[in-house]
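Notes follow the structure.
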Amino acid sequence: MDIKLNGSFSVPFTADDWIEVKDAVAIGRRLAQNPYVGSLEFEDEKGAFWTLKELEKLKEELAHEPDEITVFFDGSYDKDSQLAGLGIVIYYSLGGERYRVRKNKSFRLTTNNEAEYAALYEAVNELRDLGASRNSVVIKGDSLVVLNQLEGDWPCYDPVHSKWLDKIEKQLKKLKLSPTYVQISRKDNKEADQLAKKMLEHTIVESRTKLDK
């Protein structure tokens with residue numbers, strides 16, 4: 001963030017971590033009350049710059065879109081039937097309320113790793129259907145392959161995996177979502193895992209629940 005002092009010069013301020021739009025607006029409003037502050041400019045994680053007025057407008061628009069989004073995904077695979085079960089759980093806030101989406105799907109795929117990719121791709125599509133955009137999203141899963149390849153830490157030589165990677169990244173970019181990938185244990189991913197396994201048992205789950213605060 002740059003602060004331009006009246007009749008003087010700009011002073012840059014930085015933080016150790018990126019902050020949410022609503023927090024940036026709150027800080028900006030307090031600083032704008034200082035008579036020595038001429039203007040404020042905020043830089044986002046993509047290198048774009050925003051005035052306080054632009055941030056306030058963005059904050060108002062985001063109030064009608066999902067926020068504080070966390071995605072859990074998992075895939076199960078049955079070699080005999082080549083049927084994959086995909087489990088998706090999404091937690092988010094909207095209008096001051098907290099919600100959870102639980103969903104599973106099935107596809108005919110080739111490997112368990114492909115099922116993991118397909119599960120995440122379906123989760124991103126669900127974010128689109130929820131109206132999520134221009135926001136940050138935390139994506140949690142227990143697949144080392146998927147998460148490390150999305151982070152760019154592991155190379156991807158498999159053409160099938162590469163196609164899924166491209167589809168996931170293209171959809172995230174289209175929605176202007178900024179992902180943070182977090183590896184978790186299978187135990188911590190139990191909810192998505194159970195949904196994936198239920199799909200292999202031909203049990204369909206699809207729900208949206210408002211959670212107690």
Side-chain angles (χ1 to χ4, degrees), residues 17-18 45 66-79 82-93 98-133 135-201 203-209 211:
D17 297 304
W18 295 104
E45 65 267 35
D67 191 16
E68 299 176 321
I69 306 165
T70 301
V71 171
F72 294 85
F73 72 97
D74 204 1
S76 290
Y77 182 71
D78 180 67
K79 288 184 179 180
Q82 292 188 322
L83 184 67
L86 317 180
I88 300 163
V89 184
I90 302 174
Y91 290 87
Y92 66 96
S93 297
R98 192 72 177 155
Y99 295 90
R100 179 187 65 188
V101 168
R102 299 171 73 242
K103 193 172 185 179
N104 59 10
K105 280 191 172 184
S106 65
F107 286 99
R108 291 198 179 277
L109 301 174
T110 56
T111 64
N112 189 74
N113 280 335
E114 188 180 4
E116 297 275 3
Y117 279 108
L120 180 52
Y121 180 65
E122 288 302 313
V124 176
N125 284 339
E126 187 66 25
L127 292 178
R128 175 202 61 200
D129 295 343
L130 289 172
S133 68
N135 217 324
S136 58
V137 54
V138 178
I139 296 175
K140 296 185 177 183
D142 57 56
S143 173
L144 279 171
V145 173
V146 172
L147 296 177
N148 279 295
Q149 288 184 344
L150 280 166
E151 286 276 26
D153 295 333
W154 288 8
C156 182
Y157 301 115
D158 188 307
V160 175
H161 293 177
S162 183
K163 287 182 180 179
W164 284 109
L165 279 171
D166 290 344
K167 290 171 68 174
I168 292 167
E169 291 175 339
K170 183 178 179 180
Q171 187 68 292
L172 287 169
K173 185 176 181 180
K174 184 178 180 180
L175 295 174
K176 298 181 181 179
L177 292 171
S178 300
T180 298
Y181 300 105
V182 179
Q183 182 201 347
I184 58 176
S185 67
R186 290 184 179 180
K187 179 182 177 182
D188 292 334
N189 204 30
K190 183 169 60 176
E191 198 172 11
D193 174 64
Q194 289 177 344
L195 286 171
K197 289 177 178 176
K198 281 181 180 292
M199 194 67 250
L200 292 181
E201 298 169 357
T203 301
I204 299 172
V205 178
E206 186 169 351
S207 66
R208 177 178 179 266
T209 308
L211 305 175

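Annotation for Asn135 and Pro66: closest pair ND2-O, 3.4 Å, computed over non-hydrogen atoms. Here the closest heavy-atom approach between residue Gly85 and residue Ala196 is recorded as O-CB, 3.3 Å. Closest approach of Gly75 to Glu116, counting heavy atoms only: N-OE1, 3.5 Å. When all heavy atoms of Leu200 and Ala84 are compared, the pair lying nearest together is CD2-C, 4.0 Å. Minimum heavy-atom separation, Ala123 to Ile90: O-CD1, 3.9 Å. The two residues Phe73 and Gly141 have their closest heavy-atom pair at CE2-CA, 3.7 Å.
One distance of note links CZ of Phe72 with CZ of Arg102; it measures 12.5 Å at 0.5 Å rounding. The line from NZ of Lys197 to CG of Asp78 is 12.5 Å long, rounded to the nearest 0.5 Å. With rounding to the nearest 0.5 Å, the separation of CD1 in Ile88 from CD in Glu191 is 12.5 Å. If you take CD1 on Ile168 and CD1 on Ile139, they are separated by 8.0 Å, rounding to the nearest 0.5 Å. Of the inter-residue distances, the one linking Asp74 atom CG with Lys140 atom NZ reads 14.5 Å to the nearest 0.5 angstrom. Distance check, rounded to the nearest 0.5 Å: NZ of Lys170 to CG of Leu175 gives 12.0 Å.
Considering only heavy atoms from C-beta on, Gln183 comes within 4.5 Å of Leu144 through its side chain. Side-chain contact between Leu195 and Lys103: absent, with no pair of heavy atoms (C-beta onward) separated by less than 4.5 Å. With a 4.5 Å cut-off on side-chain heavy atoms, Ser185 and Asp142 do not count as touching. Counting heavy atoms from C-beta on, the side chains of Leu150 and Leu120 come closer than 4.5 Å. For the pair Trp164 and Val146, the minimum side-chain heavy-atom distance is 4.5 Å or more.
Ring planes of His161 and Tyr117: tilted class, angle from 30 to 60°.
Side-chain N or O atoms of Tyr77 include one that pairs as donor or acceptor with a backbone N or O of Leu109 at under 3.5 Å. The main-chain N or O of Thr203 is found under 3.5 Å from a side-chain atom of Asn104 such that the two form a donor-acceptor pair. At least one donor-acceptor pair closer than 3.5 Å links the side chain of Gln149 to the backbone N or O of Pro155. Proximity of a side-chain donor or acceptor of Asp153 to a complementary backbone N or O of Asn148 within less than 3.5 Å is not detected.
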* For Tyr99 and Leu130, what are the C-alpha separation, side-chain angles and deciding distance, and is it a side-chain contact (heavy atoms from CB on, under 4.5 Å)? -> CA-CA 11 Å; Tyr99 295 90; Leu130 289 172; over 6 Å; no
* Before giving the answer on side-chain contact (heavy atoms from CB on, under 4.5 Å), spell out for Ile204 and Met199 the whole-Å C-alpha distance, their side-chain angles and the decisive distance to 0.1 Å. => CA-CA 6 Å; Ile204 299 172; Met199 194 67 250; 3.7 Å; yes
* To do: Take Ser76 and Asp193, measure what side-chain contact (heavy atoms from CB on, under 4.5 Å) needs, and give me the verdict at the end.
  => CA-CA 7 Å; Ser76 290; Asp193 174 64; 4.2 Å; yes
* Asked: Where do Arg100 and Val89 land on the side-chain contact (heavy atoms from CB on, under 4.5 Å) test, with the steps shown first?
  -> CA-CA 7 Å; Arg100 179 187 65 188; Val89 184; 4.0 Å; yes
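A salt bridge does not link Glu126 with Lys105: every distance from a Lys NZ or Arg NE/NH1/NH2 to an Asp or Glu carboxylate oxygen is 4.0 Å or more.
In the displayed structure, Arg186 atom CZ is contacted under 6.0 Å by at most 12 heavy atoms of other residues, nucleotides or ligands.
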